[in-house]
Amino acid sequence: MTAILITGVSRQLGARFARSLAARDDLDVIGVDVLPPKYDIGRTRYIRADIRNAAIGRLLSGSGVETVVHLGMVSSPAETGGMAMMKEINVIGTMQLLAACQTSTSVRRLVVRSTAGVYGASPRDPARFTEEMTARVEPRSGFGRDAREIESFVSRLARRRPDLVVSVLRLAELMGAHTDSALAGYLALPVVPAPMGYDARLQFLHPSDAVTALELVAGADHPGTFNIGAADVVTLRQALAVLGRPAIGVPERLVAPVAAVGRRTGTADMSADRIDAVTYGRCMDTSRFAAATGFTPQYSTRAALEDFAAGLRPGRFRAPRLGQLAAGVIGSALGPARPAARAGSAGDRRA
């Protein structure tokens with residue numbers, strides 16, 4: 001029986017992948033995380049472990065693990081209580097896990113989850129990023145920035161262990177029924193603050209397709225780095241129309257302050273990298289993975305969005321309240337209101 005270890009099984013994607021593999025009789029699936037799983041992991045053997053601890057190496061050797069699938073990254077600071085802890089889990093945790101893989105005599109295959117966020121987002125981006133391309137503007141923060149460091153560590157391991165089959169999957173934003181992510185939370189707001197003058201192109205990946213992609217590289221040798229996502233794109237305005245969410249246009253200079261208000265109030269966790277993504281958009285070329293594995297997503301970007309929409313409650317706000325809400329949000333971002341201009345002032349003459 002082949003032993004496979006999956007990190008991050010307390011999160012949605014990790015749990016879903018573990019449950020799918022555990023349904024097979026030929027696999028011994030071990031799931032590790034610091035927190036007990038919140039979602040069904042099927043027959044997976046859960047072991048409470050912190051990959052930042054050197055003990056992860058003893059677990060690999062003691063269980064005879066042949067394949068490691070690293071999904072234990074944090075994509076949002078809100079999950080951990082801040083950027084510093086998020087980086088420690090993502091970067092330090094990955095370094096410790098890779099060190100364990102390097103010294104293991106049983107591990108022969110490593111799969112690492114990465115993100116489309118490594119490409120950043122800017123007005124100078126190509127229509128579609130291929131795997132050989134680099135960011136035109138480096139991601140400023142968040143999971144995208146951490147993932148760039150993680151990928152560099154993985155590349156070094158691959159050079160040190162040429163016998164190890166290493167696959168890195170740059171996943172598009174996950175979207176589907178009950179998806180729990182910062183971007184999903186933003187799109188599900190009753191009224192969505194959207195950067196004025198922009199209509200970003202968005203590319204999604206349904207969680208079930210993400211699981212299929214992971215199974216392909218966990219079960220066969222497909223070394224390399226691959227973009228994974230649906231082939232089609234939707235614009236931000238089209239996405240909001242599908243979701244039945246009205247938008248408030250926010251001037252570009254106020255987008256960051258409005259996002260800061262959202263983080264403070266807990267209504268939306270939009271970090272700088274995600275703000276860039278919903279402003280300028282980002283799209284990947286996914287042909288390499290299709291050619292290597294024959295993978296074809298079952299859900300298009302639009303279908304994944306519609307699946308997410310089916311699980312949402314109807315928006316609570318309609319047009320008569322948009323102006324009032326916009327004034328409140330933007331006013332909070334700007335700070336205390338200034339005193340009204342006196343009659344006959346320059347402001348009145350211009351009006």
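Just so it is clear, the structure is predicted and the values come from calculations on it, not from any experiment.
Arg282 contributes a side-chain N or O that, together with a main-chain N or O of Ala116, makes up a donor-acceptor pair within less than 3.5 Å. Within the 3.5 Å criterion, the main-chain N or O of Ala22 finds a donor-acceptor partner in the side chain of Arg43. No donor-acceptor pair closer than 3.5 Å links the side chain of Gln102 to the backbone N or O of Arg160. Under a 3.5 Å cut-off, the side chain of Arg108 and the backbone N or O of Val165 do not form any donor-acceptor pair.
Side-chain atoms of Thr235 and Leu202, non-hydrogen and from C-beta on, never get closer than 4.5 Å to each other. Looking only at side-chain heavy atoms (C-beta outward), Thr7 and Val9 stay at 4.5 Å or farther from each other. For the pair Leu183/Phe204, a side-chain contact is recorded, criterion being any heavy-atom separation below 4.5 Å from C-beta on.
For the side chain to side chain contact (heavy atoms under 4.5 Å, CB included) with Glu151, the lone residue among Thr94, Val118, Val112, Asp146 that qualifies is Val118. With Tyr119 as the fixed residue, the side-chain hydrogen bond (donor to acceptor under 3.5 Å, both in side chains) test singles out one of Thr134, Asn227, Thr130: Asn227.
Under the salt bridge (charged side-chain N to carboxylate O under 4.0 Å, His left out) criterion, Glu306 pairs with Arg302, not counting sequence neighbours. Here Glu215 pairs with nothing under the salt bridge (charged side-chain N to carboxylate O under 4.0 Å, His left out) rule; sequence neighbours left out. Partners of Asp285 by salt bridge (charged side-chain N to carboxylate O under 4.0 Å, His left out), not counting sequence neighbours: none found. When the side chain to side chain contact (heavy atoms under 4.5 Å, CB included) test is applied to Pro126, the partners found at least two apart in sequence or on another chain are Phe129, Met133, Arg136. Partners of Phe289 according to the ring-ring contact (aromatic ring centres under 6.0 Å, His included) rule, which considers only residues two or more places apart in sequence or in another chain, are Phe226, Phe295.
With 3.5 Å as the limit, one finds a donor-acceptor pair spanning the side chains of Ser106 and Ser104.
Closest of all the heavy-atom pairs between Asp40 and Gly42 is OD1-N, 2.9 Å. Contact detail for Leu35 and Ser10: the closest heavy-atom pair is O-CB, 3.5 Å. For Thr44 against Ile30, the heavy-atom pair with the smallest separation is CG2-C, 4.0 Å. Smallest separation of non-hydrogen atoms from Ala135 and Gly120: CB-N, 4.2 Å. Contact detail for Gln203 and Thr286: the closest heavy-atom pair is NE2-CG2, 4.0 Å. The nearest pair of heavy atoms linking His222 to Val217 is CB-CG1, 4.1 Å.
The number of heavy atoms from other shown groups lying within 6.0 Å of CZ (Arg237) is above 12. Within a 6.0 Å radius of CZ in Arg145, no more than 12 heavy atoms belonging to other residues, nucleotides or ligands are found. Residue Gln298 places its CD atom among 12 or fewer non-hydrogen atoms of other residues, nucleotides or ligands, all under 6.0 Å distant.
Hydrophobic clustering (ILVMFWY, side-chain heavy atoms < 4.5 Å, transitive): Leu169 and Ile4 are in one cluster.
Arg45 has a carboxylate O that lies under 4.0 Å from a charged side-chain N of Asp28, or vice versa, which qualifies the two as a salt bridge. In summary, Glu88 and Arg52 engage in a salt bridge, as defined by a charged side-chain N under 4.0 Å from a carboxylate O.
Note on residues 199-212: no pairs pass salt bridge (Lys or Arg N to Asp or Glu O under 4.0 Å), not counting sequence neighbours.
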